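Working notes, beginning with the structure itself.
Just the heavy atoms: all of them, side chains too, but no hydrogens, waters or symmetry mates, feed the values below. These numbers were taken from a predicted model, which means no experiment stands behind them.
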Amino acid sequence: MLVRISQLAVVCVLIAVTAGATDSEARFKKDSHELMCGCGCNQLLGECNHVGCPSSPVMLSQLSASIARGDSDEAIFHQFQEQYGPVILASPMFTRFNHFAWVLPPLVLFLGIAGVFVIVRNWKMRTVATPPEPNTPGFAATRDRIRRETQL
């Protein structure tokens, strides 16, 4: 009975250790695919196949150390962004300015289209008064003569 309990304890410890390892490995893989390599090869950090890359091993070790310290993904990305600049992120982090920059152009476009529709509708609704026919003698005769001369 004591042997079974000790075996169960060893299995539980192994599961706990390997579960944590795969969790950090999966997080490392996910985070390394959200960062760009700093050498200028325009590849993701986790996929940089640049032979003799001076940046990839250093950055990967920094990422591994940050994950081992227990830093959050956001803290890691901020750290990399401060050190290497905003181009190090494969996709920009959503900040208030980014939300504003994504929402404002379509909003302005739709407001502009709505404004054009309102202006056109108001122009169409506007009635233009036609001038009255002059009551001068001979006007009707002159108009009839012009119509006859311009008909084909």
Side-chain angles (χ1 to χ4, degrees), residues 1-134 143 146-147 150-152:
M1 179 74 166
L2 187 59
V3 173
R4 287 283 185 196
I5 293 175
S6 63
Q7 287 175 345
L8 182 63
V10 169
V11 168
C12 288
V13 168
L14 285 175
I15 289 174
V17 169
T18 57
T22 58
D23 182 41
S24 64
E25 288 173 12
R27 186 170 168 217
F28 178 80
K29 186 172 182 169
K30 180 184 80 66
D31 288 351
S32 68
H33 284 83
E34 292 183 14
L35 295 169
M36 299 297 289
C37 184
C39 69
C41 64
N42 291 329
Q43 293 184 2
L44 297 173
L45 179 60
E47 306 218 351
C48 179
N49 57 3
H50 182 169
V51 176
C53 179
S55 301
S56 178
V58 174
M59 292 174 70
L60 288 171
S61 66
Q62 283 179 333
L63 179 62
S64 179
S66 296
I67 290 174
R69 275 194 313 266
D71 293 346
S72 68
D73 289 347
E74 189 171 324
I76 293 171
F77 295 148
H78 279 294
Q79 175 191 359
F80 273 88
Q81 189 174 5
E82 287 174 9
Q83 186 173 358
Y84 298 102
V87 296
I88 205 69
L89 300 176
S91 62
M93 293 174 46
F94 279 113
T95 61
R96 277 187 248 159
F97 175 75
N98 288 354
H99 287 293
F100 185 71
W102 276 96
V103 170
L104 188 65
L107 181 67
V108 169
L109 176 69
F110 290 131
L111 288 176
I113 291 171
V116 167
F117 278 125
V118 167
I119 289 171
V120 168
R121 193 184 91 224
N122 285 341
W123 282 346
K124 285 176 71 177
M125 300 298 284
R126 189 183 308 168
T127 58
V128 178
T130 57
E133 287 188 14
R143 184 181 59 204
I146 291 171
R147 285 187 180 155
T150 56
Q151 282 182 346
L152 294 177

| message | Which heavy atom of A75 sits nearest to which heavy atom of D71, and what is that distance? | response |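 Looking at all heavy atoms of both residues, the shortest contact is CB-CB, 4.5 Å.
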| field | Closest heavy-atom pair and its distance - Y84, M59 | value |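 Taking Y84 first and M59 second, the nearest heavy atoms are OH-CG, 3.4 Å.
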| task | List the steps and the verdict of side-chain contact (heavy atoms from CB on, under 4.5 Å) for D73 and E34. | result | CA-CA 10 Å; D73 289 347; E34 292 183 14; 5.9 Å; no
To the closest 0.5 Å, what do you measure between [atom1] ([X]) and [atom2] ([Y])?
X	Y	atom1	atom2	value
E25	I67	CD	CD1	10.5 Å
Q62	Q83	CD	CD	4.5 Å
L63	K29	CG	NZ	13.5 Å

Pairs of donor and acceptor atoms involving the side chains of residues 35-49, under 3.5 Å and at least two apart or interchain, shall be tabulated with distances.
from	atom 1	to	atom 2	distance (Å)
Q43	OE1	N49	N	3.1
Q43	NE2	N49	OD1	3.1
E47	OE2	H33	NE2	2.9

| request: Over 60° means perpendicular and under 30° means parallel, so classify the ring planes of F100 and F97, tilted if in between. | output: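 Ring orientation of F97 relative to F100: tilted.
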| All ring pair (Phe, Tyr, Trp, His ring centres under 6.0 Å) counterparts of F28, not counting sequence neighbours |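 Ring pair (Phe, Tyr, Trp, His ring centres under 6.0 Å) check on F28 returns nothing, list empty.
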| Between R69 and S66, does any side-chain donor sit less than 3.5 Å from a side-chain acceptor? |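 Present: a donor and an acceptor within the cut-off.
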| task | Return yes if some donor-acceptor pair links the side-chain N/O of S64 with the main-chain N/O of L60 below 3.5 Å, else return no. | result |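 No; judged by distance alone, with no hydrogens or angles, the pair does not exist.
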